[in-house]
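Take a look at the structure set out below.
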Amino acid sequence: MAEKIELKWYEKKQGINLKQKISAEQRKQDVAEKQKQKILEKEFADKQQKQKKLRTEKIQKLQKKTFTGKKVSSLFNPASIPEDAEEILRDFDKIVSTTHPLNSKQKALLPQQILALSHNLTDRRGERRMGYMNETTALSAYVHYFLWWNLVRLVKLFSNIDNVFFDFNDDCTFADIGSGPLTIPIALLLARPELRNKNVTFFCIDISQQALSFGEDIFLSVAAKLKVSTWKIVRIKGTLDSSIKEKADLVTCANMLNELYDDASMPPDFLAKKYSERLISFADLKNSRSKILSVEPGDPKSARLLSLMRDAFIRKNFIPVAPCCHCEACPMDGKKGGKWCNFAFTADNAPEELKRISEKAGLAKERAVLSFVAVEYKEARQVKSQEEETSLLTLRIASDPIKLPGRRTGYYACSSKGLILAITDHKLFSGEEIQVTSPQKPMPVDSKSGAYILNI
């Protein structure tokens, strides 16, 4: 300590010795030094934060100047989800608890039952029985967990598909094949408010009557919360080979074809032709607005099947509406060694209770992944290529960011010209639709992927 410390007369009187006073003064000085250090650290942190903000703003300004594309739409924009749908998804467990409550023992066993079913749906698929939804334990785990996750994925997707795809007249007919606990009907009811007050007859087909019954209870509870009463659910115990007494304006299926595919011995092109023809058999081809939507897990095998089905649909006079931005050959067809068409979004906005159950079951998710194809009967509308009229090239971003040499970032994208490796400093997201000026000169080819390289 710089200055000499001496005891005052009153300190001596109080019995304080010199050593105690030195210690006390040292503590005061230490406290003052710490406070001073904190102030300096805060000032440094504030300065760093300010510099970071300035750098970010500078980069953003530069990106705005250099980004030559135009963002048209996204498959997973959370802002497109209706507010009432968000509320219902957030508290979906409460709805299920009112229709199919669990006792304390069942609640305690639920996480391990969820994990067991997850294994049966993924790495132990060979041991799974086709009729697993008829087992009460498996159905309970599915309804309390997998249905919820599927709704999170599908509601976000359905809310962002082009409005024209869901433009139906009143008194329309829908058919959902492999409906399970009515996942797609519930998702459509939540995602598309314009359909809620239409008189919809929804044929729901599944091999498990119990799953259909569970699903209808939940559907009616959701409809009551939305104050909707115009949809008629018709439950049918059956398979893809079944039929309905009316032809449908919209035919859907989700997470079903991959299960049939797993249990089949025929080659994928044969199965794709068979499955697409069966889905078309439900569609009303006299109606020029007939549509088909199929959603599957975002794995290579499922993506390959959907790509082949897309080809089969085109041969039957259906045009791909989404995610495809063209009718040319699929550049992400999932062939061995090639890219497969799949889209992902983060699970950050998933309901907190759903994330908690996931962690408890050992299935924590950071993101959701899916593959899908939506097609429309060709006579529905005369489709002129916007690219022909305006010399634009439309890209569908179909990958996460890819780090490239030279501190560059690229994204794989689908286009009418083939697979594109779009290189940009602008942050893009899986599922976004981007329009750029169609290049007039031949594009260089990436030696690794065979994709055309396009700087945007």
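Remember, predicted model here, so these are calculated numbers, not experimental data. No hydrogens, no waters, no symmetry mates; every other heavy atom, side chains included, goes into these values. We count residues from 1, following the sequence as given.
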ask   = In terms of heavy-atom contacts, does NZ of K198 have more than 12 from other residues, nucleotides or ligands at under 6.0 Å?
value = yes
request  = May I have the step-by-step check of salt bridge (charged side-chain N to carboxylate O under 4.0 Å, His left out) for K71 and E432, ending in yes or no?
outcome  = CA-CA 7 Å; K71 291 188 178 184; E432 284 187 321; 3.4 Å; yes
ask   = What closest approach, in Å, do F165 and I292 show between heavy atoms, and which atom pair accounts for it?
value = CZ-O, 3.8 Å
key: Value rounded to 0.5 Å, distance of CG in L257 from OG in S294   = 4.5 Å
task = Tell me, yes or no, whether the heavy-atom count around K225 atom NZ, taken from other residues, nucleotides or ligands under 6.0 Å, exceeds 12.
result = no
inquiry  = Taking side chain to side chain donor-acceptor pair (under 3.5 Å) as the criterion, tell me which of N255, N342, N258 meets it with E296.
reply    = N258
request  = Determine the minimum heavy-atom distance between L271 and M266, stating which atoms define it.
outcome  = CD1-O, 3.4 Å
inquiry  = Between F282 and F203, does the ring pair (Phe, Tyr, Trp, His ring centres under 6.0 Å) criterion hold? Intermediate values first, please.
reply    = CA-CA 10 Å; F282 292 95; F203 290 92; 9.4 Å; no
query = With a cut-off of 6.0 Å (strictly less than), are more than 12 heavy atoms of other residues, nucleotides or ligands near CD of E194?
reply = yes
key: Heavy-atom side-chain contact between L109 and Q106 under 4.5 Å   = no
note = Between the OG atom in S213 and the NZ atom in K237, the distance rounded to the nearest 0.5 Å is 12.5 Å
note = When every non-hydrogen atom of F158 is compared with those of A191, the smallest separation belongs to CB-CB, 3.6 Å
task = Measure across K365 and A347 and return the closest heavy-atom pair with its distance rounded to 0.1 Å.
result = O-CB, 3.8 Å
